[in-house]
Amino acid sequence: MDITVLTSGKKDLFDRYLREYLEAEGTSSGIFEAFAYSLKAGGKRIRPVLTMLACECLGGKAEDTLPAGLAIEMIHTFSLIHDDLPALDNDDLRRGRPTCHAMFGEATAILAGDALIFQALSVIASAGYPAQTKLDILGFMAEVCGVKGLVQGEYRDVTAEGKEISMDEVRDIYRRKTARLFELCMFTGARVAGGAQEQIDPLVGFGTYLGLAFQAIDDILDVTSSREVLGKTTGKDLAQDKATIVKALGLQESRRWARDMTEKAVSLLPAADGARSKDLKRLALGMLERVA
Ligand code: FPP
Ligand code: MG
């Protein structure tokens, strides 16, 4: 299944919400321009879509997740702006366009990233969720991003360059730098739906395995795809001797591992009402086949 077909309705819903947010919030000049440029650059919007699907899986409404999905997309966008900076991965192309620092300069890109974190907090704080739901989402968000989460994953990713790497270490980097944000999407969607803890936990586990598979495929595509198709520089993991699954296992075993993680993810979906979780399953299986 082509995931762009599966996700297009929800992606459009999210993009419309983002446009309205930017129109209501902004001016078109200065730091706001860099902030909006990166948010509007698009991409697959996997994270907000996943948040919607998690909510629907527990009987909630996709629209209700929009503020939370926007906040998560802001955090993700921030992490990519900083990931692309010269001090980190030093990339000048993202989603087929110049990266934020290539377009606006390093100082502006750093500040646009900083702004995205705090706008994300503000979006959650002013959303119409019950106070405890907001607190739970913010708490989970802080945990997955912090010194044991995305920051730790990115730190290890950067400091492991040029070193021997075991698959255990690669898995740990993938979990922290990518899968934890997928966990946040699942937690948030399930929490907005009012799910009980015993319903939320397996969905968060789904996010872990899906995120691991997603990052593995990302690193496989860096080797097998092209700049034109991906909209970002390819072959750079090899050039920078990055800690990737392809380096640890080779291409064929990496594909097998990604499939294995996807199957583990799917096995955690609630069986009781297969109709509600079928889109999560289709998304997971479709992501294995993605070409960009
Ligand atoms: C892209 O990976 C980068 C990430 C998944 C995480 C980046 C994290 C940070 C900059 C730490 C700070 C973040 C937060 C939210 C506190 P990649 O370089 O393998 O993928 P790419 O090829 O798309 O650049
Ligand atoms: Mg990068």
Side-chain angles (χ1 to χ4, degrees), residues 38-39 41-44 46-47 71-102 106 109-110 112-121 124 137-138 140-161 165 169-185 207-208 210-227 229-248 254 258 290 292:
S38 291
L39 270 177
K44 298 175 283 296
I46 289 287
R47 291 155 192 82
I72 296 173
E73 190 69 3
M74 285 173 164
I75 296 289
H76 170 60
T77 304
F78 147 69
S79 78
L80 294 183
I81 292 178
H82 279 207
D83 178 67
D84 289 333
L85 286 168
L88 291 135
D89 280 357
N90 194 17
D91 265 308
D92 57 10
L93 190 73
R94 165 86 55 195
R95 293 164 171 169
R97 306 162 79 184
T99 50
C100 192
H101 72 270
E106 259 185 85
I110 291 169
D114 294 344
L116 280 161
I117 310 176
F118 292 97
Q119 289 306 128
L121 302 181
I124 298 278
I137 295 170
L138 287 170
F140 204 104
M141 182 182 272
E143 189 197 318
V144 306
C145 290
V147 77
K148 293 184 187 166
L150 266 92
V151 168
Q152 176 77 217
E154 184 76 347
Y155 174 76
R156 296 228 197 132
D157 178 276
V158 171
T159 53
E161 278 176 24
I165 188 91
E169 178 70 1
V170 170
R171 189 188 196 283
D172 194 61
I173 292 172
Y174 283 7
R175 166 97 199 281
R176 293 172 199 269
K177 82 169 186 176
T178 305
R180 296 237 59 197
L181 210 55
F182 280 63
E183 292 171 18
L184 175 65
C185 297
T208 309
L210 188 71
L212 291 173
F214 183 89
Q215 188 59 50
I217 293 158
D218 223 57
D219 289 345
I220 291 168
L221 290 174
D222 184 78
V223 178
T224 60
S225 189
S226 67
R227 180 183 169 100
V229 175
L230 287 186
K232 58 183 183 179
T233 328
T234 49
K236 64 186 188 337
D237 291 343
L238 196 63
Q240 295 174 348
D241 201 11
K242 282 281 196 185
T244 72
I245 190 167
V246 183
K247 178 174 168 179
S254 300
R290 74 187 168 98

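Starting from 1, each residue takes its place in the sequence as its number. When a ligand or atom number is given, it counts from 1 through the structure's own listing order.
- The shortest N or O to N or O distance between D157 and ligand 1 is not under 3.5 Å.
- Within the 4.5 Å cutoff, no side-chain heavy atoms of Q152 are placed close to those of D157.
- Close N/O approach between S79 and ligand 1 is not found [any backbone or side-chain N/O within under 3.5 Å].
- At the top of the distance list for atom 20 (O) of ligand 1, counting protein heavy atoms only, stands D218 OD2, 3.9 Å.
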Stepwise side-chain contact (heavy atoms from CB on, under 4.5 Å) check, K44 with R290: CA-CA 11 Å; K44 298 175 283 296; R290 74 187 168 98; 3.8 Å; yes
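- F140 CZ: more than 12 foreign heavy atoms inside a 6.0 Å radius.
- Geometric assessment of R47 against the ring of F214 yields a positive cation-pi assignment under the 6.0 Å and 45° thresholds.
- Residue D83 places at least one N or O, backbone or side chain, under 3.5 Å from an N or O of ligand 1.
- Every N/O-N/O distance between D84 and ligand 1 stays at or above 3.5 Å.
- Using a 4.0 Å cutoff on heavy atoms, R94 counts as a contact of ligand 1.
- Separating the CG atom in L212 from the OG1 atom in T178 is a distance of 8.5 Å, to the nearest 0.5 Å.
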Quick one: do K247 and D237 satisfy salt bridge (charged side-chain N to carboxylate O under 4.0 Å, His left out)? Show the steps, please. CA-CA 9 Å; K247 178 174 168 179; D237 291 343; over 6 Å; no
Apply salt bridge (charged side-chain N to carboxylate O under 4.0 Å, His left out) to R175 and E183, showing your working. CA-CA 10 Å; R175 166 97 199 281; E183 292 171 18; 2.7 Å; yes
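- Taking H82 as the reference, F78 meet the ring-ring contact (aromatic ring centres under 6.0 Å, His included) condition, with sequence neighbours excluded.
- In terms of protein heavy-atom proximity, atom 6 (C) of ligand 1 is closest to E154 OE1, 3.6 Å.
- Distance from atom 13 (C) of ligand 1 to its nearest protein heavy atom, with residue and atom name: F78 CE2, 3.5 Å.
- The line from CE of M141 to CD1 of I72 is 5.5 Å long, rounded to the nearest 0.5 Å.
- Taking a cut-off of under 4.0 Å to the non-hydrogen atoms of K232, the atoms of ligand 1 that pass are 21 (P), 22 (O), 23 (O).
- Near Q215, meaning under 4.0 Å from one of its heavy atoms, ligand 1 places the atoms 19 (O).
- For atom 19 (O) of ligand 1, the closest non-hydrogen atom of the protein is K177 NZ, 2.7 Å.
- Listed by number with element, the atoms of ligand 1 under 4.0 Å from a non-hydrogen atom of C145 are 15 (C), 16 (C).
- Under a 4.0 Å criterion applied to the non-hydrogen atoms of I75, ligand 1 contributes the atoms 15 (C).
- Atom CG of L238 has 12 or fewer neighbouring heavy atoms from other residues, nucleotides or ligands inside a 6.0 Å radius.
- In terms of protein heavy atoms, atom 18 (O) of ligand 1 is closest to D89 OD2, 2.7 Å.
- Within 6.0 Å of NZ on K148 lie no more than 12 heavy atoms contributed by other residues, nucleotides or ligands.
- Excluding waters, the set of protein N, O or S atoms lying under 2.8 Å from the Mg ion (ligand 2) comprises D83 OD2, D89 OD2.
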The test is salt bridge (charged side-chain N to carboxylate O under 4.0 Å, His left out); show your working for K232 and D89 and say whether it passes. CA-CA 12 Å; K232 58 183 183 179; D89 280 357; over 6 Å; no
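- Listed by number with element, the atoms of ligand 1 under 4.0 Å from a non-hydrogen atom of K236 are 22 (O).
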Show your reasoning for whether salt bridge (charged side-chain N to carboxylate O under 4.0 Å, His left out) applies to E154 and K177. CA-CA 6 Å; E154 184 76 347; K177 82 169 186 176; 5.3 Å; no
